Asks: 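Pasting in a structure now, in C-alpha coordinates, and then I'll have a few things to ask.
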Amino acid sequence: MEKKYELTESKIYCGITLYRIKALRDLWNVKAGDLGGWVESELNLSHEGDCWIYNDAIVCNKAFLCNYAVVYGNAIVADNAIITDTALIGGHALILDNAKISGTSVVCGFPKVAGNAKVFGSASVSDYAMI
(Lines give C-alpha, C1' and ligand atoms only; values in the text may rest on other atoms or scores of the structure.)
Protein backbone atom coordinates (compact mmCIF):
# COMPACT_ATOMS: atom_id res chain seq x y z
CA MET A 1 0.00 0.00 0.00
CA GLU A 2 1.36 3.38 -1.04
CA LYS A 3 1.24 5.98 1.73
CA LYS A 4 -0.83 9.04 0.92
CA TYR A 5 0.49 11.29 3.69
CA GLU A 6 3.32 11.75 6.16
CA LEU A 7 3.42 13.22 9.66
CA THR A 8 5.16 16.60 9.93
CA GLU A 9 5.25 19.28 12.64
CA SER A 10 3.84 18.49 16.05
CA LYS A 11 1.89 20.28 18.77
CA ILE A 12 0.50 19.35 22.15
CA TYR A 13 -3.28 19.40 22.54
CA CYS A 14 -4.84 18.45 25.90
CA GLY A 15 -1.70 16.49 26.78
CA ILE A 16 -1.67 14.60 23.46
CA THR A 17 1.06 15.03 20.86
CA LEU A 18 -0.55 15.65 17.48
CA TYR A 19 1.09 15.73 14.05
CA ARG A 20 0.07 17.74 11.00
CA ILE A 21 -0.42 15.58 7.91
CA LYS A 22 1.16 16.37 4.54
CA ALA A 23 -0.07 14.77 1.30
CA LEU A 24 2.48 12.63 -0.53
CA ARG A 25 0.30 12.18 -3.63
CA ASP A 26 -2.69 13.82 -5.28
CA LEU A 27 -6.12 12.93 -3.96
CA TRP A 28 -9.58 14.03 -5.07
CA ASN A 29 -9.28 17.58 -3.72
CA VAL A 30 -5.73 17.53 -2.32
CA LYS A 31 -2.45 17.99 -4.16
CA ALA A 32 0.86 16.38 -3.19
CA GLY A 33 2.56 18.70 -0.72
CA ASP A 34 -0.67 20.14 0.73
CA LEU A 35 -0.83 20.30 4.51
CA GLY A 36 -3.85 18.89 6.25
CA GLY A 37 -5.16 18.71 9.78
CA TRP A 38 -3.88 16.87 12.83
CA VAL A 39 -3.65 13.23 13.93
CA GLU A 40 -2.18 11.48 16.92
CA SER A 41 -0.79 8.68 14.76
CA GLU A 42 -1.14 7.00 11.38
CA LEU A 43 -3.77 4.76 13.01
CA ASN A 44 -6.22 7.70 12.87
CA LEU A 45 -6.34 8.21 9.09
CA SER A 46 -6.47 5.48 6.46
CA HIS A 47 -3.92 5.54 3.64
CA GLU A 48 -6.60 4.07 1.36
CA GLY A 49 -9.38 6.04 -0.31
CA ASP A 50 -9.51 9.83 -0.51
CA CYS A 51 -10.44 10.48 3.13
CA TRP A 52 -8.72 13.61 4.43
CA ILE A 53 -8.46 15.97 7.38
CA TYR A 54 -8.36 19.68 6.52
CA ASN A 55 -7.57 22.92 8.30
CA ASP A 56 -7.10 22.58 12.08
CA ALA A 57 -9.40 19.58 12.47
CA ILE A 58 -8.17 16.82 14.79
CA VAL A 59 -8.60 13.03 14.77
CA CYS A 60 -7.01 11.45 17.85
CA ASN A 61 -7.02 8.68 20.44
CA LYS A 62 -8.35 5.53 18.72
CA ALA A 63 -10.69 7.44 16.40
CA PHE A 64 -10.50 6.46 12.73
CA LEU A 65 -11.29 8.16 9.42
CA CYS A 66 -11.58 6.03 6.26
CA ASN A 67 -13.00 5.63 2.75
CA TYR A 68 -13.91 9.08 1.35
CA ALA A 69 -14.87 10.79 4.59
CA VAL A 70 -13.73 14.35 5.33
CA VAL A 71 -13.11 16.22 8.58
CA TYR A 72 -12.48 19.97 8.32
CA GLY A 73 -12.56 23.30 10.13
CA ASN A 74 -12.00 22.95 13.87
CA ALA A 75 -13.87 19.66 14.25
CA ILE A 76 -12.56 17.09 16.73
CA VAL A 77 -13.02 13.34 16.35
CA ALA A 78 -11.73 11.45 19.39
CA ASP A 79 -11.96 8.41 21.61
CA ASN A 80 -13.15 5.40 19.55
CA ALA A 81 -15.27 7.30 17.02
CA ILE A 82 -15.37 6.14 13.39
CA ILE A 83 -16.04 8.34 10.37
CA THR A 84 -16.56 6.38 7.16
CA ASP A 85 -18.08 6.29 3.67
CA THR A 86 -18.52 9.88 2.36
CA ALA A 87 -19.46 11.43 5.70
CA LEU A 88 -18.57 15.10 6.17
CA ILE A 89 -17.66 16.50 9.60
CA GLY A 90 -16.96 20.21 9.93
CA GLY A 91 -17.18 23.47 11.78
CA HIS A 92 -16.67 22.92 15.50
CA ALA A 93 -18.31 19.49 15.65
CA LEU A 94 -17.29 17.11 18.43
CA ILE A 95 -17.52 13.39 17.63
CA LEU A 96 -16.64 11.39 20.74
CA ASP A 97 -16.83 8.07 22.56
CA ASN A 98 -18.02 5.20 20.31
CA ALA A 99 -19.96 7.38 17.86
CA LYS A 100 -20.08 6.29 14.23
CA ILE A 101 -20.83 8.63 11.34
CA SER A 102 -21.37 6.98 7.96
CA GLY A 103 -23.17 7.15 4.62
CA THR A 104 -23.50 10.63 3.15
CA SER A 105 -24.17 12.17 6.56
CA VAL A 106 -23.16 15.77 7.28
CA VAL A 107 -22.32 16.95 10.80
CA CYS A 108 -21.39 20.63 10.99
CA GLY A 109 -21.78 23.75 13.07
CA PHE A 110 -21.34 23.17 16.81
CA PRO A 111 -22.98 19.75 17.38
CA LYS A 112 -21.81 17.01 19.71
CA VAL A 113 -22.30 13.37 18.76
CA ALA A 114 -21.22 11.03 21.56
CA GLY A 115 -21.87 7.83 23.44
CA ASN A 116 -22.89 4.99 21.15
CA ALA A 117 -24.71 7.31 18.73
CA LYS A 118 -24.86 6.41 15.07
CA VAL A 119 -25.51 8.97 12.33
CA PHE A 120 -26.01 7.26 8.96
CA GLY A 121 -27.72 7.36 5.60
CA SER A 122 -28.16 10.94 4.43
CA ALA A 123 -28.68 12.40 7.92
CA SER A 124 -27.75 15.98 8.76
CA VAL A 125 -26.78 17.20 12.22
CA SER A 126 -26.09 20.89 12.66
CA ASP A 127 -26.23 23.98 14.84
CA TYR A 128 -25.90 23.09 18.55
CA ALA A 129 -27.55 19.65 18.37
CA MET A 130 -26.47 16.98 20.86
CA ILE A 131 -26.87 13.31 20.01
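Note that this is a predicted model, so its numbers are computed, not measured.
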Asks: For the backbone of Gly103 and the side chain of Thr86, can you confirm whether one donor and one acceptor N or O come within less than 3.5 Å of each other?
Replies: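 Yes, the answer is positive, given that a donor and an acceptor are paired below the 3.5 Å cut-off.
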Asks: Stepwise, does the side-chain contact (heavy atoms from CB on, under 4.5 Å) test hold for Val70 with Ile89?
Replies: CA-CA 6 Å; Val70 168; Ile89 312 298; over 6 Å; no
Asks: Do you know which two heavy atoms are closest between Tyr72 and Asn55, and how far apart they sit?
Replies: CB-OD1, 3.5 Å
Asks: May I ask whether Val77 and Tyr54 are part of the same hydrophobic cluster, defined by side-chain heavy atoms of I, L, V, M, F, W, Y residues being less than 4.5 angstrom apart, directly or through others?
Replies: yes
Asks: Which atom pair, heavy atoms only, marks the closest approach of Ile76 to Tyr13?
Replies: CD1-OH, 3.0 Å
Asks: If you look only at pairs with a residue in residues 79-110, which of them pass as a ring-ring contact (aromatic ring centres under 6.0 Å, His included), with sequence neighbours excluded?
Replies: His92-Phe110, Phe110-Tyr128
Asks: In the structure I gave you, are the side-chain heavy atoms of Arg25 and Glu2 within less than 4.5 Å of one another anywhere?
Replies: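 Yes. Closest side-chain heavy atoms under 4.5 Å.
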Asks: So, for Pro111 and Gly109, which heavy atoms are closest and what is the spacing to 0.1 Å?
Replies: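 Nearest heavy atoms, Pro111 then Gly109: CD-C, 3.2 Å.
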Asks: Of the non-hydrogen atoms in Cys51 and Ser46, which two are nearest, and what is the gap between them?
Replies: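 Taking Cys51 first and Ser46 second, the nearest heavy atoms are SG-O, 3.7 Å.
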Asks: Does Thr104 use its side chain to pair, donor to acceptor, with the backbone of Ala87 at less than 3.5 Å?
Replies: no
Asks: Please identify each residue that fulfils side chain to side chain donor-acceptor pair (under 3.5 Å) with Ser102, with sequence neighbours left out.
Replies: none
Asks: OG/Ser105 to CG/Asp85 distance, rounded to the nearest 0.5 angstrom?
Replies: 8.5 Å
Asks: Within the distance-only criterion (no hydrogens, no angle test), does the side chain of Asn44 pair as donor or acceptor with the backbone N or O of Glu40 below 3.5 angstrom?
Replies: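 Yes, the answer is positive, given that a donor and an acceptor are paired below the 3.5 Å cut-off.
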Asks: Answer yes or no: is there a side-chain heavy-atom contact under 4.5 Å between Val107 and Leu88?
Replies: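 No, their side chains stay 4.5 Å or more apart.
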Asks: Salt-bridge test for Lys3 and Glu42: reply yes if a basic N is under 4.0 Å from a carboxylate O, no otherwise.
Replies: yes
Asks: Does a side-chain N-to-carboxylate-O contact under 4.0 Å join Arg20 and Asp56?
Replies: yes
Asks: Please check this pair: side chain of Lys62 against backbone of Ala81, looking for a donor-acceptor N/O pair closer than 3.5 Å.
Replies: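 Looks like no, no N/O pair under 3.5 Å.
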Asks: What's the spacing between Tyr19 OH and Thr8 OG1 if we round to 0.5 Å?
Replies: 10.5 Å
Asks: Quick one: closest heavy-atom pair of Asp26 and Ala32, and the distance?
Replies: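 Scanning both residues completely, I find the closest heavy atoms to be OD1-N, 2.8 Å.
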Asks: Lys112 vs Ile131, test: side-chain contact (heavy atoms from CB on, under 4.5 Å). Steps then yes/no.
Replies: CA-CA 6 Å; Lys112 179 178 180 181; Ile131 297 178; over 6 Å; no
Asks: Verify the cluster assignment for Leu94 and Ile82: are they in a single hydrophobic cluster under the rule of side-chain heavy atoms below 4.5 Å apart?
Replies: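 Leu94 does not cluster with Ile82.
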Asks: Quick check on the hydrophobic clustering: are Trp38 and Ile95 connected, directly or via other members, by side-chain heavy-atom contacts under 4.5 Å?
Replies: no
Asks: Is there a chain of hydrophobic side chains (I, L, V, M, F, W, Y, each step under 4.5 Å between heavy atoms) that links Leu96 to Leu18?
Replies: yes
Asks: Under the criterion side-chain contact (heavy atoms from CB on, under 4.5 Å), I'd like the reasoning laid out for Tyr5 against Val30: C-alpha separation, chi angles, the key distance, then a yes or no.
Replies: CA-CA 11 Å; Tyr5 65 90; Val30 176; over 6 Å; no
Asks: Minimum heavy-atom separation for Asp79 and Asn61, please, with both atom names.
Replies: N-OD1, 3.0 Å
Asks: Check whether any side-chain heavy atom of Asn80 lies under 4.5 Å from a side-chain heavy atom of Asp97, and answer yes or no.
Replies: no
Asks: Following the transitive rule for hydrophobic clusters with a side-chain heavy-atom cut-off under 4.5 Å over Ile, Leu, Val, Met, Phe, Trp and Tyr, establish whether Val106 and Ile83 coincide in one cluster.
Replies: yes
Asks: Under the side-chain contact (heavy atoms from CB on, under 4.5 Å) rule, what do Ile21 and Val39 come out as? Steps first, then yes or no, please.
Replies: CA-CA 7 Å; Ile21 57 173; Val39 295; 3.8 Å; yes
